[in-house]
Amino acid sequence: MLTLDRAAQTAQSYIHRVLEDVEKRNPGEAEFQQAVKEILESLVPVFAKHPEYEKLGILERLIEPERLVVFRVPWVDDEGKVQVNRGFRVQFNSAIGPYKGGIRFHPSVNASIIKFLGFEQIFKNALTGLPIGGGKGGSDFDPKGKSDGEIMRFVQSFTSELSRYIGPDQDVPAGDIGVGAREIGYMFGQYKKMRGAYEAGVLTGKSPGFGGSLARKEATGYGLVYFMEEMLKAHGLQFEGMSVVVSGSGNVSIYAMEKVLELGGKVVACSDSSGVIYDPQGISLETVKQLKEVDNQRIGAYINTHPHAELIEDCEQIWSVPCDIALPCATQNEISETQAQQLVANGVIAVGEGANMPSTLEAVKVFEQHDILFAPAKAANAGGVGVSALEMAQNSARLSWTFEEVDGQLKQMMQSIYRQCTETAEEYGHSGNLMAGANIAGFRKVADAMIAQGVI
Ligand code: GLU
């Protein structure tokens, strides 16, 4: 016991030294530092058990991206004026497969955001059990209010540069916030033109009409709910009869809501950056889909057809809506410590992260202290990238699987991720802590592959 404690202390001080170094070497990159801290702190029991990892510099190698590309993206707007944005691609780790991860178009995008997302992606992708490394990319381009022509010209310029670094066996981008099937289509067209070859597996999230996988659109949201279903079941609970709040109203939120409804839950609120819709009778998914997938409208328009619903013109208010289950599916750090306390005070029993890093470190502590069932993003939202890997498999085989086939594999994948997280948490003395389980299971898989491949 004494030696184990000493081993844990040694591991802890080593990890703290590495974290101090991360702060020094990545100044001003708050989100990246946060993501690294969240993962490294849960690795103490691993380093206590495997002190040999320190000598091999596994952590020092893991926190340093293999490559970070930053590039100029010039494009011409509808008035004929030249605009310039900044493009990024981080190729973080390729120990278990080609770099894989989405592209985000949002004005908040910078090196810190892209590096936090890329770092998380390494572990998430490892948990899927499929051969994909970790990467991420994006631009500070704001798609809001842009015409279709502007989007296309921007994407073509972005892809002209990005195409030097990507390929089906090299780096495979996909969508994320602000990037859906339309943008992926333009990327694919430009890439194909530049390469002079039809390499379907270079991008995922394509339209099913030209190599996209059925159920990819639904995968992140459905996967989140499949994961939550497992977690609830293990505690004698189910979605049936539960009231659910889902932040956001993009791809992840919409298909999380769809699956919750299918399982008998009641969604009472959703949001976008302009506000929150609270509908005590239950959100009409049909209306949300029409507004968001067809009409490209703000969520507030919901009350035009559902006058009994309430519009709160402040998206941060979403966590003040009482619920049994909270599914943050909008963006990073959308649940602060205070908002977590509010959810707990209102009786929340489970939280499932559909977005990437939606809870701050302090918010996660609040959930832990109050024994809230907590499904961390890198496990719970892995279904999106998991089905992307299935799209890559279909492209390699030049085949298309049915919706049922892909959805069935997605469900099994989420059940297996849940099992890995619980078993690993248990093995390392953190029974019930799925965050620790996810971080440790993902880390071990990548670390072992890195060791086997030598110092590179
Ligand atoms: N952007 C998604 C994520 O955060 C999906 C990435 C992908 O399909 O490659 O995991």
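In this chain, residues are counted from 1 in sequence order. Counting convention: from 1, in listed order, for ligands and their atoms alike.
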Does R216 reach ligand 1 with a nitrogen or oxygen that is under 3.5 Å from one of the ligand's nitrogen or oxygen atoms?
yes
Counting heavy atoms only, which part of V387 comes closer than 4.0 Å to ligand 1: side chain, backbone, both or neither?
neither
Could you list the atoms of ligand 1 found under 4.0 angstrom from a heavy atom of G101?
9 (O)
May I ask you to list the atoms of ligand 1 that are less than 4.0 angstrom from any heavy atom of N356?
4 (O)
Taking only heavy atoms of K136 into account, list the atoms of ligand 1 that are under 4.0 Å away from them.
1 (N), 3 (C), 4 (O)
How far is atom 9 (O) of ligand 1 from the closest protein heavy atom, and which atom is that?
K100 NZ, 2.7 Å
Distance alone, cut at 3.5 Å: any donor-acceptor contact between the side chains of N125 and K378?
no
Centroid separation F158 to W75 less than 6.0 Å:
no
Test E337 against T360 for side-chain hydrogen bond (donor to acceptor under 3.5 Å, both in side chains), laying out the working first.
CA-CA 7 Å; E337 184 177 14; T360 64; over 6 Å; no
Please work out whether any backbone atom (N, CA, C, O) or any side-chain heavy atom from C-beta onward of K378 is under 4.0 Å from ligand 1, and answer side chain, backbone, both or neither.
neither
Quick one: do the E31 and N110 side chains pair a donor with an acceptor below 3.5 Å?
no
D77/R153 ion pair, N-O < 4.0 Å:
no
Check for me whether E120 has a heavy atom closer than 4.0 Å to any atom of ligand 1.
no
Got a salt bridge between K115 and E29, using NZ or NE/NH1/NH2 to carboxylate O under 4.0 Å?
yes
Proximal atoms of ligand 1 relative to A174 (non-hydrogen, under 4.0 Å):
7 (C), 8 (O), 9 (O)
Does the N or O separation between G175 and ligand 1 drop below 3.5 Å for any pair?
yes
cation_pi(K124, F119) dist<6.0 Å, angle<=45
no
Taking all non-hydrogen atoms of both residues into account, name the closest pair between G354 and C329 and its distance.
CA-SG, 3.9 Å
Which residue supplies the protein heavy atom nearest to atom 6 (C) of ligand 1, what is that atom called, and how far is it?
G102 N, 3.5 Å
Starting from atom 3 (C) of ligand 1, locate the nearest protein heavy atom and write down its residue, its atom name and how far away it is, to 0.1 Å.
K124 NZ, 3.3 Å
Any atoms of ligand 1 less than 4.0 Å from a non-hydrogen atom of S388? List them with their elements.
7 (C), 8 (O), 9 (O)
Counting only N and O atoms by type, is there a donor-acceptor contact under 3.5 Å from the side chain of Q409 to the main-chain atoms of L390?
no
